[in-house]
Each structure stands twice: as structure tokens, then as C-alpha cells.
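In each ligand, atom 1 is the first atom listed, and ligand 1 is the first ligand listed.
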Amino acid sequence: MNDCIFCKILSGEIPTTKVYEDALCFAFLDIEPLAPTHFLVIPKTHIASAAEISGDMEAVVGHIYGVIAKLCAEKGVTSYRVVTNCGPDAGQTVGHLHFHVLAGRQLSSFN
Ligand code: 5GP
Ligand code: ZN
């Protein structure tokens with residue numbers, strides 16, 4: 001039994017607003033947007049976090065960054081932030097690797 005929310009989005013069990021899909025990844029709007037543009041990109045293969053990226057997943061992550069560049073270019077988004085929270089101290093709340101794409105407002109710097 002897979003209780004992963006994002007796997008349920010992939011299977012259609014939980015509805016979402018799709019932004020993009022291909023054989024390797026799926027992009028959808030974040031349910032609680034933190035910026036005028038805020039979508040998530042996930043691999044179709046379930047891995048828990050960035051800490052589990054190895055082997056074939058390394059190429060998938062590279063592909064996801066290419067997809068993000070293409071989607072932002074198509075949307076005319078020229079400045080954006082890609083964020084992957086890894087583990088609870090970093091703020092990860094969903095245990096399926098995901099990349100936030102945030103744009104459309106001035107984002108605060110890290111400190
Ligand atoms: P994290 O906190 O793990 O870095 O990011 C998880 C993100 O998933 C959050 O920004 C949260 O709003 C989003 N999220 C959680 N549940 C759902 C859902 O059911 N649908 C969508 N579209 N986003 C979700
Ligand atoms: Zn999952």
C-alpha cells in the first residue's frame with residue numbers, strides 16, 4: 001500500500017492541475033502557492049527525497065531541470081527559483097522527491 005500523496009496525484013486518485021507530463025516526470029500547481037508562479041515537478045518514480053538520488057535517477061533529475069527551463073521559457077518566466085527541501089529540518093513535508101518552481105515576485109535571499 002502506497003500512501004504517498006504525490007504517487008496518488010500521479011495515479012489520478014488525487015486531482016490536481018497538471019502543468020506538464022512526459023514519460024519521466026509530472027508537473028502540477030502547488031495547492032498552497034507561495035508565489036504567483038508556483039508549480040512542482042516530480043519524477044514518476046517514487047523516491048523519498050534528494051538524499052536518494054543515485055543511478056538512473058541522476059539522469060531523471062537532469063531531465064527535470066531541462067523540463068523546468070523549457071516550461072519557464074514557454075511561460076515567459078525569465079527569473080525563478082528551484083527548491084528541493086530534503087528532510088524535516090529543511091521543511092520537507094511530502095516524502096516524494098519534488099522540485100518547487102517559484103517566480104513572479106521578489107524572493108528573499110537565503111541567510
Ligand atoms: P515540501 O514542504 O515537502 O517542500 O513541499 C510540499 C508541497 O506540496 C507544499 O508546497 C504543499 O503545498 C504541496 N502539496 C501538499 N499536498 C498537495 C496536494 O494534495 N496537491 C498539490 N497540488 N500540492 C500539494
Ligand atoms: Zn510517491
Can you list the ligand 1 atoms lying under 4.0 Å from a non-hydrogen atom of H100?
1 (P), 4 (O), 5 (O), 7 (C), 10 (O)
Distance from atom 8 (O) of ligand 1 to nearest protein heavy atom, with residue and atom:
F6 CZ, 3.4 Å
In Å, rounded to the nearest 0.5 Å, how long is the span from OG1 of T16 to CG of L10?
10.0 Å
When rounded to the nearest 0.5 angstrom, what is the spacing between CG in L97 and NE2 in H46?
9.5 Å
So the atoms of ligand 1 within less than 4.0 Å of a heavy atom of T16 turn out to be 22 (N)
Please could you name the atoms of ligand 1 that G91 approaches to less than 4.0 Å, counting only its heavy atoms?
1 (P), 2 (O), 4 (O)
Check whether R81 reaches the backbone of H100 with its side chain - one donor and one acceptor, N or O, closer than 3.5 Å.
no
Going by heavy atoms, is L34 under 4.0 Å from ligand 1?
no
Working to the nearest 0.5 angstrom, can you tell me the gap between L71 CG and F39 CZ?
5.0 Å
Pick from H98, H38, K8: the one approaching atom 6 (C) of ligand 1 most closely through a non-hydrogen atom
H98
What do you get for the angle at the Zn ion (ligand 2) between SG on C4 and SG on C7, to the nearest 10 degrees?
120°
Checking distances from the Zn ion (ligand 2), one finds that the N, O or S atom of H96 closest to it is ND1
May I ask you to identify, for F99, whether its side chain, its backbone, both or neither come under 4.0 Å of ligand 1 on a heavy-atom basis?
neither
What atoms of ligand 1 come within less than 4.0 Å of a heavy atom belonging to Q92?
3 (O)
Report, in ascending order of atom number, the atoms of ligand 1 lying under 4.0 Å from any heavy atom of E32.
12 (O)
Which atoms of ligand 1 are found less than 4.0 Å from any heavy atom of I5?
19 (O)
Close-contact set for ligand 1 against F28 heavy atoms, below 4.0 Å:
21 (C), 22 (N)
A student comparing D30, N85, T84, L102 should find that the heavy atom closest to atom 9 (C) of ligand 1 comes from D30
Closest non-hydrogen contact found for L102 with L107 is O-CD1, 3.9 Å
What protein heavy atom is closest to atom 23 (N) of ligand 1, reported as residue, atom name and distance in Å?
I31 N, 3.3 Å
Find the distance between CZ (F28) and CD1 (I9) and round it off to the nearest 0.5 Å.
4.0 Å
What is the name of the N/O/S atom of H46 that is nearest to the Zn ion (ligand 2)?
ND1
Check against ring-ring contact (aromatic ring centres under 6.0 Å, His included), H98 and H96
CA-CA 6 Å; H98 52 281; H96 180 131; 7.9 Å; no
Atom 22 (N) of ligand 1: closest protein heavy atom, distance to 0.1 Å, is L29 O, 2.8 Å
For the residue pair V61 and F99, establish whether any side-chain heavy-atom pair is separated by less than 4.5 Å.
yes
Report yes or no: does a heavy atom of I9 sit under 4.0 Å from some atom of ligand 1?
yes
Enter the distance from I5:CD1 to E13:CD here, rounded to the nearest 0.5 Å.
11.0 Å
Atom 15 (C) of ligand 1 - nearest protein heavy atom and its distance
V94 CG2, 4.1 Å
Non-hydrogen atoms of I64 and I42 that approach each other most closely
CD1-C, 4.1 Å
Look only at the side chain of K44 and the backbone of D22, and say whether a donor-acceptor pair between them is shorter than 3.5 Å.
yes
Hey, is CD on Q106 packed in by over 12 heavy atoms from elsewhere, all under 6.0 Å?
no
